[in-house]
Amino acid sequence: MQKKNVLWLVAILTLIYPIHTLFNATGVLGIATVKGAESQILNYQVSIWITWVILIPIAIYYKWTKKKNIFFLFTYAFLIVGFGIFGYLTQNLVLAYDLPSRFSDTYTFGVLLAFQNIITSAILTLFLQAAVWWFTRRWHRR
């Protein structure tokens, strides 16, 4: 089996964890107590970050050896989708339990929360991608 296929297999298998926590979070929304639902949504957010920690070494290794960004692009796509769903779940939590919010509409809180997490994780990923690009160049060693 080629290294690229093994890396893809590890990356895809890693996605099982956030998918599992996503099903747990959507299953308790509206049924459990506020603390229980909030805990499940927080677990989903943590699973996204843990998956990011696993995907980043794969992306770094592939960028370092093959000089291609496919796993970094996969990581960016995962972060956008994952944190977008997180924002949606958080907004549904606020609406389902009629929790106080600073926003009067039904979407701004979730959008801003998702945007905050996406920007944070994308900047961290971008710094790592730029660092790998920098250190794969020989001219920086002169």
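It should be emphasised that the depicted structure is a prediction, and the values quoted were computed from it without experimental measurement. Throughout, residue positions are numbered sequentially from 1 according to the sequence presented.
Residue K66 holds its NZ atom at 11.0 Å from CZ of F71, rounded to the nearest 0.5 Å. A distance of 11.0 Å separates NZ in K4 from OG1 in T65, rounded to the nearest 0.5 Å. Between the NZ atom in K3 and the CG atom in L7 there is a gap of 8.5 Å [rounded to 0.5 Å]. The distance from the CD1 atom of I123 to the CD1 atom of I118 is 12.0 Å, given to the nearest 0.5 Å. A distance of 12.5 Å separates CG of L126 from OG1 of T75, quoted to the nearest 0.5 Å. Rounding to the nearest 0.5 Å places CD of Q91 at 10.5 Å from CD1 of I41.
T120 places a side-chain heavy atom less than 4.5 Å from the side chain of W49. Using a 4.5 Å cut-off on side-chain heavy atoms (C-beta onward), L128 and V132 make no contact. Between L22 and L89, the closest side-chain pair of non-hydrogen atoms falls below 4.5 Å. When side chains are defined from C-beta on, F74 counts as touching W8, because their heavy atoms get closer than 4.5 Å. Counting only heavy atoms from C-beta outward, the side chains of Q40 and T21 never approach each other to under 4.5 Å. Using a 4.5 Å heavy-atom cutoff, the side chains of Q45 and F83 are in contact.
Remark: Y88 OH is loosely packed, at most 12 non-hydrogen atoms of other residues, nucleotides or ligands lying under 6.0 Å away. By the 6.0 Å contact criterion, OH on Y107 is open, its count of non-hydrogen atoms from other residues, nucleotides or ligands being 12 or less. More than 12 non-hydrogen atoms from other residues, nucleotides or ligands lie less than 6.0 angstrom from OH of Y97.
Hydrophobic clustering (ILVMFWY, side-chain heavy atoms < 4.5 Å, transitive): L112 and F86 are in one cluster. Cluster annotation: I16 and L9 are assigned to the same hydrophobic cluster (Ile/Leu/Val/Met/Phe/Trp/Tyr, side-chain heavy-atom contacts under 4.5 Å, transitive). In the hydrophobic clustering of ILVMFWY residues, with side-chain heavy atoms under 4.5 Å counting as a link, L79 and F115 come out apart. Note on F78 and I12: same hydrophobic cluster, where clusters join Ile, Leu, Val, Met, Phe, Trp and Tyr whose side-chain heavy atoms are under 4.5 Å apart, directly or indirectly. Residues L15 and I70 fall within the same hydrophobic cluster, defined by Ile, Leu, Val, Met, Phe, Trp and Tyr side chains chained together at heavy-atom separations under 4.5 Å.
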What do the steps show when you test K67 against Y62 for side-chain hydrogen bond (donor to acceptor under 3.5 Å, both in side chains), and what is the final call? CA-CA 7 Å; K67 297 183 179 31; Y62 197 74; over 6 Å; no
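Results of the side-chain contact (heavy atoms from CB on, under 4.5 Å) test with F109 over L99, L93, L95, T90 single out T90 as the only residue that passes. Residue Y44 is tested with I19, N24, I85 for a side-chain contact (heavy atoms from CB on, under 4.5 Å); the sole match is I85.
Donor-acceptor pairing under 3.5 Å is recorded for the side chains of W52 and T125.
The main-chain N or O of F23 is found under 3.5 Å from a side-chain atom of T26 such that the two form a donor-acceptor pair. Put simply, the side chain of S39 never gets that close to the backbone of K35: no donor and acceptor are under 3.5 Å apart.
Below 30°, between 30° and 60°, or above 60°: for Y76 and F72 the angle between ring planes is between 30° and 60°, a tilted geometry.
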Contacts table for residues 27-34: side-chain donor-acceptor under 3.5 angstrom, sequence neighbours left out:
from: T33; atom 1: OG1; to: G36; atom 2: N; distance (Å): 3.2

May I have the list of side-chain donor-acceptor pairs in residues 53-60 shorter than 3.5 Å, sequence neighbours left out?
none

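For Q129 against N69, the heavy-atom pair with the smallest separation is NE2-OD1, 3.0 Å. Nearest heavy-atom pair across S101 and V94 is CB-CG1, 4.1 Å. Here the closest heavy-atom approach between residue A114 and residue G84 is recorded as CB-CA, 4.1 Å.
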